[in-house]
Amino acid sequence: MRVVVTGGAGFLGSHLVERLVAEGHDVVVLDNLSTGSLDNLRRVRGRVKVEVGDAKDLDTCLEAIRGADAVYHFAANPEVRVSAVEPRTHFEENVRTTFNVAEASRISGSVKTIVFASSSTVYGDAEVIPTPEDYGLKPISVYGASKAAAEMILHSYSRLYGIGVVVLRYANVVGPRSRHGVIYDFLLKLSRNSSVLEILGDGRQRKSYLYVDDAIEATLLAAERSARGFSVYNVGNEDWVEVVEIARIVGDVLGARPRLVFAGGTPNGRGWPGDVKFMLLSIDKMKSLGWRPRYTSAEAVRLAARALAEELGLLGQ
Ligand code: NAD
């Protein structure tokens, strides 16, 4: 199959590209390298076509997507925190790009399936935990709203133009090459000063973490099983972990015992406005396909912290 991966030079995208190449697909990456890098694709160099371009431009999307059988749309600004200060960014990077991908797929006439990287944040402060796919969409960040809006655009394209859509609502995915999120943040802070660690919020935020290999496994399985119609899957873990525990694990990996300082969050203990404090997804639907996460949340955090610390040259200092 000819497959386009938008955001394929990013964290999740590059792991996905490696798997698609290994499965023998003809892969084109469309990425503007705003947060991704060509270095993330070094293992598949020469075996993928990389189009450096912006998915906010419809013609660029058309050029990359023409003739493709499937598109994995992973390009986005993934930083929930950006919402609070720069909401337009999430409209431009997450909604506009999704519209362009859908429109380019329709015009191309060749695309049978779009696989979309959505997020647990579409549920907002869910009152049902673990949260199932049919829980209402009530985002509390513009990031979450941008993902919900993108899902709805894709739903209409699926109904109107018969393009299969697979939506994956990921929990926090962690692993090598990730350059955002709490683990990366803690590693950078501890590399500057290993005796104190500032935690945004009250540290009691409790969320589910998934190791990247588990996330990619789920992505490919869902894409294979649900290529037609419109399907939604939660992709997360069966347990969760508190931010203070993540701080302990990251400190452990670096051999540091920092004093924890709680600062900068919102009055009700969130890390930033729009931060969902408690997130655990019901993953029964993914499990019904035969998928299971191999690592618990805490194991995923430890594995990711170790891999990132190594990438950043922080081990053995
Ligand atoms: P990332 O920043 O590593 O990857 C995003 C990629 O998209 C980067 O390579 C970036 O350069 C590219 N990009 C951004 N805007 C673009 C544009 N306008 N045109 C072309 N390329 C563009 O982030 P990630 O964590 O790998 O996230 C990948 C996707 O998964 C995103 O859609 C994100 O919202 C979603 N997601 C991630 C997580 C997670 O925990 N990592 C959780 C839920 C959803």
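Order of listing sets the numbers, starting from 1, for every ligand and every atom in it.
Taking atom 11 (O) of ligand 1 as the reference point, the nearest protein heavy-atom neighbour is D31 OD1, 2.7 Å. Closest to atom 42 (C) of ligand 1 among all protein heavy atoms lies A171 O, 3.3 Å. From the protein, the heavy atom lying nearest to atom 24 (P) of ligand 1 is H180 NE2, 3.7 Å. Counting protein heavy atoms only, atom 33 (C) of ligand 1 is closest to Y143 OH, 3.7 Å. The protein atom (non-hydrogen) at minimum distance from atom 10 (C) of ligand 1 is T35 OG1, 3.3 Å.
Residue contact check: K56 has heavy atoms under 4.0 Å from atoms 18 (N) of ligand 1. Less than 4.0 angstrom separates some heavy atom of L12 from each of these atoms of ligand 1: 26 (O), 30 (O), 37 (C). If you number the atoms of ligand 1 from 1 as listed, the ones under 4.0 Å from a heavy atom of G10 come out as 3 (O), 4 (O), 8 (C), 9 (O). Within ligand 1, the atoms closer than 4.0 Å to a non-hydrogen atom of F74 are 28 (C), 29 (C), 31 (C), 32 (O), numbered from 1 in the order shown. The ligand atoms of ligand 1 that sit less than 4.0 angstrom from a heavy atom of N172 are 40 (O). Atoms of ligand 1 found under 4.0 Å from any heavy atom of L33 (numbered from 1 in listed order, with element): 11 (O). For ligand 1, the atoms closer than 4.0 angstrom to any heavy atom of P78 are 2 (O), 23 (O), 33 (C), 34 (O). Here is the list of ligand 1 atoms found below 4.0 Å of a heavy atom in G7: 6 (C), 7 (O), 9 (O), 12 (C).
Looking at Y170 next to ligand 1, no N or O pair under 3.5 Å apart turns up. Considering backbone and side-chain atoms alike, S37 places every N or O at 3.5 Å or more from each N or O of ligand 1. Among the atoms of T97, none of the N or O lies under 3.5 angstrom from an N or O of ligand 1. Polar contact with ligand 1: absent for N77 (N/O pair, distance under 3.5 Å). Geometrically, ligand 1 and S119 share no nitrogen or oxygen pair separated by less than 3.5 Å. Checking only distances, G36 does come within under 3.5 Å of ligand 1, N or O to N or O. Taking distance alone, with nitrogen or oxygen atoms compared against 3.5 Å, K147 approaches ligand 1 more closely than that limit. Polar contact with ligand 1: absent for H73 (N/O pair, distance under 3.5 Å).
Residue E93 places a heavy atom under 4.0 Å from ligand 1.
The two atoms that bring I65 and A104 nearest to each other are CD1-CB, 3.9 Å, heavy atoms only. Across all their heavy atoms, S226 and S231 have their closest contact at CB-OG, 3.3 Å. Here the closest heavy-atom approach between residue V122 and residue A148 is recorded as CG1-N, 3.7 Å.
Summarising the contacts of atom 44 (C) of ligand 1 with A64, A55, A117, S118, the nearest heavy atom is found in S118. Residue N32 holds the heavy atom nearest to atom 13 (N) of ligand 1 of all those in V29, N32, V5.
Remark: the T219 side chain and the Y170 side chain contain an N/O donor-acceptor pair separated by less than 3.5 Å. Side-chain atoms of H180 and T35 form no donor-acceptor pair, as typed in the model, at a separation below 3.5 Å.
Listed by first then second residue, pairs satisfying side chain to side chain donor-acceptor pair (under 3.5 Å) with a partner in residues 154-164 read E103-Y157, not counting sequence neighbours.
In summary, of the residues considered (D125, N268, D202), a side-chain hydrogen bond (donor to acceptor under 3.5 Å, both in side chains) with K277 occurs for D202 alone. Checked options R292, R294, K287; the residue passing with E238 is K287 (criterion: salt bridge (Lys or Arg N to Asp or Glu O under 4.0 Å)).
E86 has no carboxylate O lying under 4.0 Å from a charged side-chain N of R88, or vice versa, which leaves the two without a salt bridge.
In the hydrophobic clustering of this structure, Y209 groups with F186; members are Ile, Leu, Val, Met, Phe, Trp, Tyr whose side-chain heavy atoms approach within less than 4.5 Å, directly or through other members.
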